[in-house]
Chemist: 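Mind having a look at this structure? Questions to follow.
Values in this document were obtained by computation on a predicted structure and should not be read as measured data. Below, chain A is the first sequence line, B the second, and so on; all start at residue 1. No hydrogens, no waters, no symmetry mates; every other heavy atom, side chains included, goes into these values.
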Amino acid sequence: MAGGGEGLGGGPKQKRGKSGKRKPKKRVGFRLDMTPLVDITFLLLTFFMLTTSMITPQTMEMNVPPELDIEIEVRESELLNILVRADGKVFAHMGNEEPEAPMSMKELRKFVVDKNVDLENRAIVTLKANGDAPYGLVVQILDELNAAEPEIIQGLGRNGINERKRKFTVAPYTPEDEEKVAGL
Amino acid sequence: MSKIKKKRVGFVLDMTPLVDITFLLLTFFMFTAKFRSEAENQQKFTIKRPQTTQDTAKLPEKDLVMIKVGIDSVENDTAFYLSMAGEQDIAKLAEAMVDLQFPGATEKTALFKITDSTWLGKAVEQARIVNPRAQFAVDADRRIKYRWIETAMNEMRKKRATTFNFVTDKKTGM
(Lines give C-alpha, C1' and ligand atoms only; values in the text may rest on other atoms or scores of the structure.)
Protein backbone atom coordinates (compact mmCIF):
# COMPACT_ATOMS: atom_id res chain seq x y z
CA MET A 1 0.00 0.00 0.00
CA ALA A 2 2.93 2.32 0.60
CA GLY A 3 3.90 2.16 -3.05
CA GLY A 4 0.37 3.04 -4.15
CA GLY A 5 0.46 6.30 -2.25
CA GLU A 6 3.54 7.44 -4.06
CA GLY A 7 2.06 6.68 -7.41
CA LEU A 8 -0.99 8.78 -6.70
CA GLY A 9 1.12 11.75 -5.79
CA GLY A 10 3.36 11.51 -8.80
CA GLY A 11 0.68 10.85 -11.36
CA PRO A 12 -0.57 14.27 -12.39
CA LYS A 13 2.91 15.75 -12.55
CA GLN A 14 4.22 16.40 -15.97
CA LYS A 15 7.59 15.17 -17.06
CA ARG A 16 10.06 17.88 -17.91
CA GLY A 17 11.24 17.26 -21.43
CA LYS A 18 11.00 14.01 -23.32
CA SER A 19 14.71 13.23 -23.46
CA GLY A 20 15.52 14.41 -19.92
CA LYS A 21 16.58 11.95 -17.24
CA ARG A 22 14.17 11.22 -14.52
CA LYS A 23 15.10 13.10 -11.43
CA PRO A 24 15.00 10.89 -8.31
CA LYS A 25 12.28 12.04 -6.08
CA LYS A 26 13.51 13.10 -2.70
CA ARG A 27 11.68 11.41 0.10
CA VAL A 28 11.23 13.73 3.00
CA GLY A 29 10.37 12.31 6.43
CA PHE A 30 10.34 8.73 5.28
CA ARG A 31 8.71 6.43 7.78
CA LEU A 32 8.49 2.68 7.83
CA ASP A 33 5.94 1.00 9.98
CA MET A 34 8.00 -1.25 12.23
CA THR A 35 5.15 -2.76 14.21
CA PRO A 36 4.91 -6.14 12.40
CA LEU A 37 8.68 -6.51 12.51
CA VAL A 38 8.74 -5.88 16.23
CA ASP A 39 5.84 -8.27 16.71
CA ILE A 40 7.64 -11.14 15.01
CA THR A 41 10.94 -10.35 16.68
CA PHE A 42 9.36 -10.38 20.10
CA LEU A 43 7.62 -13.62 19.32
CA LEU A 44 10.88 -15.28 18.31
CA LEU A 45 12.70 -13.78 21.26
CA THR A 46 10.17 -15.17 23.67
CA PHE A 47 10.34 -18.57 22.02
CA PHE A 48 14.12 -18.80 22.21
CA MET A 49 14.24 -17.42 25.72
CA LEU A 50 11.82 -20.01 26.98
CA THR A 51 13.33 -22.98 25.18
CA THR A 52 16.97 -22.38 26.03
CA SER A 53 18.29 -24.05 29.12
CA MET A 54 21.29 -22.32 30.55
CA ILE A 55 22.39 -25.08 32.89
CA THR A 56 24.86 -27.34 31.16
CA PRO A 57 25.84 -30.60 32.75
CA GLN A 58 29.22 -30.84 34.39
CA THR A 59 31.59 -33.72 34.21
CA MET A 60 33.80 -35.40 36.71
CA GLU A 61 36.78 -37.21 35.30
CA MET A 62 37.59 -40.71 36.46
CA ASN A 63 40.58 -42.85 35.72
CA VAL A 64 40.50 -46.57 36.23
CA PRO A 65 43.60 -48.68 35.94
CA PRO A 66 43.67 -50.93 32.88
CA GLU A 67 43.16 -54.63 33.47
CA LEU A 68 46.39 -56.12 34.63
CA ASP A 69 47.10 -59.68 35.62
CA ILE A 70 50.13 -58.79 37.65
CA GLU A 71 49.51 -58.57 41.33
CA ILE A 72 51.04 -55.51 42.85
CA GLU A 73 52.10 -55.81 46.44
CA VAL A 74 51.17 -52.90 48.64
CA ARG A 75 51.78 -52.35 52.28
CA GLU A 76 48.66 -52.73 54.34
CA SER A 77 49.57 -49.72 56.41
CA GLU A 78 49.53 -47.53 53.31
CA LEU A 79 46.17 -48.70 52.10
CA LEU A 80 43.22 -46.49 52.86
CA ASN A 81 39.95 -48.30 52.30
CA ILE A 82 36.68 -46.50 51.96
CA LEU A 83 33.76 -48.86 52.26
CA VAL A 84 30.20 -48.05 51.36
CA ARG A 85 27.64 -50.38 52.84
CA ALA A 86 24.38 -51.27 51.11
CA ASP A 87 22.38 -49.05 53.47
CA GLY A 88 24.49 -46.04 52.57
CA LYS A 89 26.73 -45.95 55.62
CA VAL A 90 30.32 -44.97 54.87
CA PHE A 91 33.34 -46.44 56.64
CA ALA A 92 37.00 -45.71 56.25
CA HIS A 93 39.96 -47.55 57.66
CA MET A 94 43.63 -48.21 57.08
CA GLY A 95 44.57 -51.63 55.72
CA ASN A 96 46.08 -52.73 59.02
CA GLU A 97 43.26 -51.45 61.17
CA GLU A 98 39.62 -52.32 61.54
CA PRO A 99 36.83 -49.93 60.60
CA GLU A 100 35.08 -48.36 63.57
CA ALA A 101 31.91 -46.34 63.35
CA PRO A 102 30.16 -45.04 60.24
CA MET A 103 31.55 -41.69 59.16
CA SER A 104 29.90 -38.54 58.01
CA MET A 105 31.20 -36.80 54.88
CA LYS A 106 33.09 -34.27 57.00
CA GLU A 107 34.78 -36.95 59.08
CA LEU A 108 35.69 -38.89 55.97
CA ARG A 109 37.31 -35.83 54.45
CA LYS A 110 39.30 -35.13 57.59
CA PHE A 111 40.38 -38.76 57.80
CA VAL A 112 41.55 -38.82 54.16
CA VAL A 113 43.39 -35.52 54.51
CA ASP A 114 45.14 -36.55 57.75
CA LYS A 115 46.22 -39.94 56.47
CA ASN A 116 47.44 -38.59 53.16
CA VAL A 117 49.50 -35.91 54.89
CA ASP A 118 50.88 -38.36 57.48
CA LEU A 119 51.91 -40.90 54.87
CA GLU A 120 53.46 -38.27 52.61
CA ASN A 121 52.03 -39.28 49.25
CA ARG A 122 52.32 -42.98 49.85
CA ALA A 123 48.68 -43.55 50.75
CA ILE A 124 46.63 -45.52 48.27
CA VAL A 125 42.98 -44.63 48.50
CA THR A 126 40.61 -47.39 47.44
CA LEU A 127 36.90 -46.94 47.12
CA LYS A 128 34.81 -50.04 47.52
CA ALA A 129 31.09 -49.74 47.26
CA ASN A 130 28.44 -52.36 47.70
CA GLY A 131 26.44 -53.07 44.56
CA ASP A 132 23.25 -52.04 46.32
CA ALA A 133 24.52 -48.66 47.48
CA PRO A 134 23.06 -45.69 45.59
CA TYR A 135 25.24 -44.31 42.82
CA GLY A 136 24.61 -40.76 43.99
CA LEU A 137 26.38 -41.50 47.26
CA VAL A 138 29.43 -42.87 45.45
CA VAL A 139 29.67 -39.70 43.38
CA GLN A 140 29.26 -37.66 46.54
CA ILE A 141 32.27 -39.44 48.05
CA LEU A 142 34.29 -38.90 44.88
CA ASP A 143 33.37 -35.25 45.04
CA GLU A 144 34.46 -35.12 48.66
CA LEU A 145 37.79 -36.75 47.76
CA ASN A 146 38.32 -34.21 44.99
CA ALA A 147 37.51 -31.40 47.38
CA ALA A 148 40.04 -32.80 49.87
CA GLU A 149 42.89 -32.45 47.37
CA PRO A 150 43.68 -28.77 48.02
CA GLU A 151 43.79 -29.45 51.76
CA ILE A 152 46.16 -32.36 51.22
CA ILE A 153 48.44 -30.26 49.05
CA GLN A 154 48.41 -27.57 51.71
CA GLY A 155 49.19 -30.11 54.42
CA LEU A 156 52.03 -31.61 52.41
CA GLY A 157 53.39 -28.15 51.75
CA ARG A 158 53.61 -27.54 55.50
CA ASN A 159 55.74 -30.69 55.78
CA GLY A 160 58.02 -29.46 53.04
CA ILE A 161 56.70 -31.60 50.20
CA ASN A 162 55.67 -29.68 47.16
CA GLU A 163 54.66 -32.55 44.99
CA ARG A 164 51.38 -34.36 45.10
CA LYS A 165 50.99 -37.82 43.64
CA ARG A 166 47.51 -39.06 43.86
CA LYS A 167 46.85 -42.74 44.07
CA PHE A 168 43.24 -43.57 43.82
CA THR A 169 41.41 -46.65 42.62
CA VAL A 170 38.02 -48.21 42.62
CA ALA A 171 37.92 -51.81 43.70
CA PRO A 172 35.19 -54.42 43.94
CA TYR A 173 33.45 -54.85 47.25
CA THR A 174 34.37 -58.25 48.60
CA PRO A 175 32.60 -60.48 51.14
CA GLU A 176 35.54 -59.86 53.50
CA ASP A 177 34.77 -56.15 53.35
CA GLU A 178 31.14 -56.89 54.10
CA GLU A 179 32.20 -58.90 57.13
CA LYS A 180 34.27 -56.02 58.45
CA VAL A 181 31.40 -53.57 58.44
CA ALA A 182 28.51 -55.97 59.05
CA GLY A 183 27.88 -55.32 62.73
CA LEU A 184 28.83 -51.67 62.89
CA MET B 1 -8.06 29.39 35.26
CA SER B 2 -8.36 25.75 34.72
CA LYS B 3 -5.75 24.02 32.69
CA ILE B 4 -6.85 22.77 29.39
CA LYS B 5 -5.55 19.34 28.64
CA LYS B 6 -3.52 19.39 25.52
CA LYS B 7 -4.67 16.80 23.09
CA ARG B 8 -1.84 14.85 21.56
CA VAL B 9 -2.49 14.35 17.93
CA GLY B 10 -0.55 11.75 15.97
CA PHE B 11 1.45 10.52 18.90
CA VAL B 12 4.61 8.74 17.66
CA LEU B 13 6.99 6.75 19.82
CA ASP B 14 10.48 6.08 18.57
CA MET B 15 10.82 2.35 18.59
CA THR B 16 14.38 2.14 17.27
CA PRO B 17 16.23 1.48 20.56
CA LEU B 18 13.66 -1.11 21.52
CA VAL B 19 14.09 -2.91 18.23
CA ASP B 20 17.87 -2.72 18.58
CA ILE B 21 17.87 -4.40 21.94
CA THR B 22 15.28 -6.95 20.92
CA PHE B 23 17.31 -7.95 17.90
CA LEU B 24 20.43 -8.19 19.99
CA LEU B 25 18.76 -10.50 22.48
CA LEU B 26 17.13 -12.52 19.73
CA THR B 27 20.46 -13.10 18.03
CA PHE B 28 22.04 -14.09 21.33
CA PHE B 29 19.38 -16.63 22.19
CA MET B 30 19.30 -17.99 18.65
CA PHE B 31 23.01 -18.69 18.68
CA THR B 32 23.10 -20.17 22.14
CA ALA B 33 20.08 -22.41 21.62
CA LYS B 34 20.87 -26.08 21.32
CA PHE B 35 18.50 -28.44 19.71
CA ARG B 36 17.76 -31.90 20.92
CA SER B 37 19.71 -34.60 19.19
CA GLU B 38 18.22 -37.73 17.67
CA ALA B 39 19.40 -39.78 20.63
CA GLU B 40 17.63 -37.50 23.07
CA ASN B 41 14.45 -37.79 21.06
CA GLN B 42 14.48 -41.55 21.45
CA GLN B 43 15.02 -41.32 25.19
CA LYS B 44 12.01 -42.22 27.29
CA PHE B 45 13.28 -41.39 30.75
CA THR B 46 14.65 -38.49 32.71
CA ILE B 47 17.83 -38.57 34.68
CA LYS B 48 18.28 -37.02 38.09
CA ARG B 49 22.00 -36.49 38.07
CA PRO B 50 24.09 -36.54 41.20
CA GLN B 51 25.15 -33.12 42.38
CA THR B 52 28.71 -32.07 42.96
CA THR B 53 30.33 -28.92 44.25
CA GLN B 54 33.39 -29.13 42.06
CA ASP B 55 33.58 -26.77 39.16
CA THR B 56 34.75 -29.20 36.54
CA ALA B 57 34.93 -29.38 32.78
CA LYS B 58 31.95 -29.14 30.50
CA LEU B 59 30.76 -32.03 28.45
CA PRO B 60 32.21 -32.08 24.91
CA GLU B 61 29.72 -31.78 22.07
CA LYS B 62 31.37 -34.19 19.68
CA ASP B 63 33.69 -37.18 19.97
CA LEU B 64 31.56 -38.44 22.78
CA VAL B 65 30.13 -41.80 23.71
CA MET B 66 27.41 -41.42 26.26
CA ILE B 67 26.37 -44.31 28.44
CA LYS B 68 23.20 -43.42 30.23
CA VAL B 69 21.82 -45.52 33.01
CA GLY B 70 18.23 -44.71 33.57
CA ILE B 71 15.01 -46.04 34.95
CA ASP B 72 12.38 -46.46 32.27
CA SER B 73 9.30 -44.47 33.21
CA VAL B 74 6.90 -46.99 31.69
CA GLU B 75 8.40 -50.40 32.39
CA ASN B 76 10.18 -49.27 35.53
CA ASP B 77 13.34 -51.24 34.80
CA THR B 78 16.93 -50.10 34.75
CA ALA B 79 19.00 -50.38 31.59
CA PHE B 80 22.04 -48.96 29.86
CA TYR B 81 21.47 -46.58 27.00
CA LEU B 82 24.42 -46.08 24.73
CA SER B 83 24.58 -43.28 22.21
CA MET B 84 27.14 -41.24 20.33
CA ALA B 85 27.27 -37.58 19.44
CA GLY B 86 27.44 -36.32 15.87
CA GLU B 87 25.34 -37.51 12.92
CA GLN B 88 28.14 -39.45 11.25
CA ASP B 89 29.07 -41.36 14.36
CA ILE B 90 25.44 -42.15 15.09
CA ALA B 91 24.93 -43.56 11.59
CA LYS B 92 28.14 -45.59 11.67
CA LEU B 93 27.35 -47.03 15.08
CA ALA B 94 23.83 -47.97 13.97
CA GLU B 95 25.28 -49.73 10.93
CA ALA B 96 27.79 -51.63 13.05
CA MET B 97 25.11 -52.67 15.53
CA VAL B 98 22.80 -53.89 12.74
CA ASP B 99 25.70 -55.98 11.40
CA LEU B 100 26.13 -57.49 14.84
CA GLN B 101 22.39 -58.26 14.88
CA PHE B 102 21.67 -56.34 18.05
CA PRO B 103 18.02 -57.06 18.90
CA GLY B 104 15.80 -54.22 17.76
CA ALA B 105 18.53 -52.25 16.03
CA THR B 106 17.75 -50.41 12.82
CA GLU B 107 19.71 -47.95 10.71
CA LYS B 108 17.81 -45.17 12.43
CA THR B 109 18.54 -46.17 16.01
CA ALA B 110 20.54 -43.55 17.84
CA LEU B 111 20.03 -44.78 21.37
CA PHE B 112 20.68 -48.42 22.10
CA LYS B 113 18.91 -49.91 25.06
CA ILE B 114 21.18 -52.56 26.52
CA THR B 115 20.32 -54.78 29.43
CA ASP B 116 23.24 -57.18 29.72
CA SER B 117 26.95 -56.62 30.11
CA THR B 118 27.99 -58.72 27.09
CA TRP B 119 26.10 -56.45 24.73
CA LEU B 120 27.36 -53.39 26.54
CA GLY B 121 30.91 -54.60 25.99
CA LYS B 122 30.24 -55.16 22.30
CA ALA B 123 28.61 -51.75 21.92
CA VAL B 124 31.52 -50.05 23.69
CA GLU B 125 33.93 -51.86 21.38
CA GLN B 126 31.99 -50.78 18.27
CA ALA B 127 31.83 -47.20 19.51
CA ARG B 128 35.57 -47.21 19.96
CA ILE B 129 36.05 -48.53 16.44
CA VAL B 130 33.69 -45.90 15.01
CA ASN B 131 35.49 -43.05 16.70
CA PRO B 132 38.77 -43.87 18.45
CA ARG B 133 39.09 -40.31 19.74
CA ALA B 134 35.75 -40.37 21.46
CA GLN B 135 35.58 -39.78 25.18
CA PHE B 136 33.31 -41.83 27.36
CA ALA B 137 30.79 -40.33 29.69
CA VAL B 138 28.57 -42.07 32.17
CA ASP B 139 25.33 -40.30 32.86
CA ALA B 140 23.40 -42.13 35.51
CA ASP B 141 20.49 -41.46 37.78
CA ARG B 142 21.60 -40.86 41.36
CA ARG B 143 19.03 -43.29 42.72
CA ILE B 144 20.19 -46.34 40.81
CA LYS B 145 22.28 -49.03 42.41
CA TYR B 146 26.04 -48.76 42.19
CA ARG B 147 26.17 -52.26 40.68
CA TRP B 148 25.19 -50.84 37.28
CA ILE B 149 28.03 -48.36 37.29
CA GLU B 150 30.45 -51.07 38.33
CA THR B 151 29.38 -53.21 35.38
CA ALA B 152 29.75 -50.28 32.99
CA MET B 153 33.19 -49.44 34.39
CA ASN B 154 34.33 -53.03 34.04
CA GLU B 155 33.16 -53.24 30.43
CA MET B 156 34.87 -49.97 29.53
CA ARG B 157 38.01 -51.06 31.28
CA LYS B 158 38.07 -54.33 29.32
CA LYS B 159 37.88 -52.33 26.09
CA ARG B 160 40.74 -50.09 27.21
CA ALA B 161 38.59 -47.06 27.83
CA THR B 162 40.18 -46.28 31.16
CA THR B 163 39.40 -42.59 31.27
CA PHE B 164 35.84 -41.50 31.39
CA ASN B 165 33.61 -38.86 32.87
CA PHE B 166 30.73 -38.95 35.25
CA VAL B 167 28.09 -36.48 34.24
CA THR B 168 26.88 -34.42 37.18
CA ASP B 169 24.95 -31.30 37.93
CA LYS B 170 26.37 -28.38 39.76
CA LYS B 171 25.07 -28.13 43.28
CA THR B 172 22.93 -25.05 43.60
CA GLY B 173 22.93 -22.94 46.69
CA MET B 174 26.35 -23.27 48.22
Side-chain angles (χ1 to χ4, degrees), chain A residues 29 31-35 37-68 84 86 88 105 127-150 170-173, chain B residues 12 15-16 18-19 21-35 47-60 69 135-151 153-154 156-158 160-172:
Chain A
R31 254 175 215 287
L32 191 74
D33 188 14
M34 282 208 194
T35 325
L37 176 80
V38 177
D39 285 355
I40 296 297
T41 319
F42 261 112
L43 190 80
L44 285 171
L45 179 65
T46 334
F47 168 73
F48 279 105
M49 269 177 79
L50 293 178
T51 51
T52 332
S53 65
M54 286 286 158
I55 313 148
T56 46
Q58 308 256 317
T59 60
M60 189 192 235
E61 199 175 278
M62 269 288 292
N63 281 296
V64 289
E67 276 206 326
L68 290 176
V84 185
M105 284 295 152
L127 176 64
K128 298 174 177 182
N130 189 304
D132 289 323
Y135 159 72
L137 182 69
V138 177
V139 171
Q140 211 185 328
I141 292 167
L142 290 174
D143 188 42
E144 210 61 47
L145 292 177
N146 282 335
E149 283 304 297
V170 213
Y173 188 82
Chain B
V12 176
M15 279 207 192
T16 324
L18 177 79
V19 177
I21 297 296
T22 319
F23 262 109
L24 191 82
L25 284 171
L26 178 65
T27 337
F28 169 73
F29 280 106
M30 268 175 82
F31 280 114
T32 52
K34 259 187 268 163
F35 291 95
I47 285 175
K48 272 189 190 162
R49 296 193 180 101
Q51 292 179 322
T52 53
T53 48
Q54 291 291 301
D55 193 17
T56 45
K58 295 269 186 287
L59 205 62
V69 191
Q135 282 187 306
F136 280 77
V138 178
D139 190 1
D141 198 293
R142 60 171 175 253
R143 295 161 301 175
I144 64 146
K145 287 176 178 172
Y146 177 67
R147 185 173 292 128
W148 292 87
I149 308 300
E150 213 170 16
T151 314
M153 283 201 299
N154 280 333
M156 281 190 283
R157 182 194 228 166
K158 276 184 201 160
R160 297 283 183 278
T162 51
T163 304
F164 53 86
N165 297 292
F166 283 132
V167 184
T168 57
D169 270 341
K170 198 172 163 60
K171 202 178 268 179
T172 46

Chemist: Less than 4.5 Å apart, any side-chain heavy atom of B/Asn165 and any of B/Val138?
Modeler: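 No. Closest side-chain heavy atoms not under 4.5 Å.
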Chemist: If you count heavy-atom pairs within less than 4.5 Å of chain A, which of B/Val167, B/Thr27, B/Val69 leads?
Modeler: B/Val167
Chemist: For residues B/Pro50 and B/Ala140, report the shortest heavy-atom separation together with the two atoms involved.
Modeler: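 B/Pro50 and B/Ala140 have their closest heavy atoms at CD-O, 3.5 Å.
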Chemist: Using heavy-atom distances under 4.5 Å, tell me whether B/Ala137 contacts chain A through its side chain, its backbone, both, or neither.
Modeler: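 Interface part for B/Ala137: neither.
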Chemist: Would you say that A/Leu142 contacts B/Phe166 through its side chain, given a criterion of any heavy-atom pair below 4.5 Å between the two side chains?
Modeler: yes
Chemist: Taking every heavy-atom pair that is under 4.5 Å apart, which of A/Leu44, A/Val38, A/Asp132 has the most such pairs with chain B?
Modeler: A/Asp132
Chemist: Below 4.5 Å from any heavy atom of chain A, which atoms of B/Asp139 appear? Answer side chain, backbone, both or neither.
Modeler: neither
Chemist: Are A/Val84 and B/Tyr146 packed together at the side-chain level, in the sense that at least one heavy-atom pair is separated by less than 4.5 angstrom?
Modeler: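 Heavy-atom side-chain distance check fails, nothing below 4.5 Å.
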Chemist: Could you tell me which of B/Phe136, B/Trp148, B/Phe23 has the largest number of non-hydrogen atom pairs under 4.5 Å with chain A?
Modeler: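 The answer is B/Phe23.
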Chemist: Tell me the closest heavy-atom pair linking A/Val170 and B/Arg157, and the distance in Å.
Modeler: O-NH2, 4.3 Å
Chemist: Is B/Ile149 close to chain A through its backbone or its side chain, or both, or neither, when contacts mean heavy atoms under 4.5 Å?
Modeler: side chain
Chemist: Need one label for A/Thr41: side chain, backbone, both or neither, based on atoms under 4.5 Å from any heavy atom in chain B.
Modeler: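 A/Thr41 touches chain B through backbone and side-chain heavy atoms alike.
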Chemist: Given side chains that start at C-beta, do those of A/Tyr135 and B/Arg143 come closer than 4.5 Å, heavy atoms only?
Modeler: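 They are not in contact (no side-chain heavy atoms under 4.5 Å apart), so the answer is no.
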Chemist: Give, as side chain, backbone, both or neither, the part of A/Tyr173 having an atom under 4.5 angstrom from any heavy atom of chain B.
Modeler: backbone
